[in-house]
Amino acid sequence: MGEKELRRSLSVFPIGTVMKLTDLTARKIRYYEEQGLIHPERNEGNRRMYSLNDVDVLLEIKDYLTEGVNMAGIKRLYELKEHEKADRLKATQHVLTDDDVRRILRSEFQAVGGLDGDNPYQNFDGSHIFR
DNA sequence: TTTCTCACA
DNA sequence: TGTGAGCA
């Protein structure tokens with residue numbers, strides 16, 4: 001991990017700052033953590049401390065949500081990325097970048113025909129997004 | 001003053 | 001998801 005990624009992973013701001021930065025409620029931010037989408041650290045007082053990466057993820061989650069992807073779908077995307085990350089440590093293979101993931105998501109949407117109304121992903125059950 | 005966890009007229 | 005209670 002380079003120094004740049006290291007800095008982006010430093011947990012530096014409290015939930016109040018993240019709320020302003022992401023325009024999300026504390027309730028939602030903690031909920032996404034429960035869903036395993038972000039992993040803020042805790043300080044001495046049990047307070048959550050978020051990193052720039054966490055904020056980025058939160059912002060991405062907002063985008064996915066407005067695009068009609070539900071929590072199950074979003075979780076798949078991040079699980080997929082984490083698996084790639086794990087694999088990268090074992091074998092020296094290529095990894096899915098954020099852009100790759102976004103590309104995959106877009107093509108999936110186009111293949112299904114649109115972002116509004118009754119697209120299949122609205123009721124995604126967690127097992128067919130990349131069919 | 002801010003954040004935390006828990007619970008639900 | 002919101003909101004209030006009672007702590008730290």
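In what follows, chains carry the letters A, B, and so on, assigned in the order in which the sequence lines appear, proteins first and then strands, with residues in each chain numbered from 1. Everything numeric here is computed off the predicted structure, so don't read it as measured data.
- The side chain to side chain contact (heavy atoms under 4.5 Å, CB included) test with A/Ile61 is passed by exactly one of A/Leu37, A/Thr66, A/Val69, A/Ile29: A/Leu37.
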Apply side-chain contact (heavy atoms from CB on, under 4.5 Å) to the pair A/Arg42 and A/Arg48, showing each step before the final yes or no. CA-CA 5 Å; A/Arg42 299 295 188 113; A/Arg48 270 168 268 245; 3.0 Å; yes
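- Across all strands, A/Gly45 comes closer than 4.0 Å to no nucleic acid atom at all (heavy-atom distances).
- Pairs of residues two or more places apart, or lying in two chains, never qualify as side-chain hydrogen bond (donor to acceptor under 3.5 Å, both in side chains) while including a residue from residues 15-32 of chain A.
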Under the criterion side-chain contact (heavy atoms from CB on, under 4.5 Å), I'd like the reasoning laid out for A/Phe13 against A/Val55: C-alpha separation, chi angles, the key distance, then a yes or no. CA-CA 10 Å; A/Phe13 13 66; A/Val55 174; 3.6 Å; yes
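- Distance, A/Glu44 CD to B/dT2 C1': 15 Å, rounded to whole Å.
- In the displayed structure, A/Glu5 atom CD is contacted under 6.0 Å by more than 12 heavy atoms of other residues, nucleotides or ligands.
- In terms of polar N and O atoms assigned as donor or acceptor, the side chain of A/Arg48 never comes within less than 3.5 Å of the base of B/dT3 in a complementary pairing.
- A/Tyr32 has a side-chain polar atom (N or O) that falls below the 4.0 Å cut-off from OP1 or OP2 of C/dT1.
- One finds the OG atom of A/Ser11 at 10.0 Å from the CG atom of A/Asn43 (value rounded to the nearest 0.5 Å).
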Structure string for DNA chain B in dot-bracket form, Watson-Crick and G-U at under 3.5 Å, | interchain: .|.|||||.
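- In this structure, A/Asn43 atom CG and B/dT2 atom P are separated by 16 Å, rounded to whole Å.
- Within residues 22-31 of chain A, the residues that have a heavy atom under 4.0 Å from DNA chain C are, in order of number, A/Thr25, A/Arg27, A/Lys28.
- To the nearest angstrom, P of C/dT1 lies 12 Å from CG of A/Asn70.
- In this structure a side-chain-to-backbone donor-acceptor pair under 3.5 Å is missing from A/Asp63 to A/Glu60.
- Each of A/Leu52, A/Ile74, A/Ile38 was compared with A/Val57 under the side chain to side chain contact (heavy atoms under 4.5 Å, CB included) criterion, and only A/Ile38 meets it.
- Note: CD1 (A/Ile15) to C1' (B/dC4) measures 9 Å, nearest angstrom.
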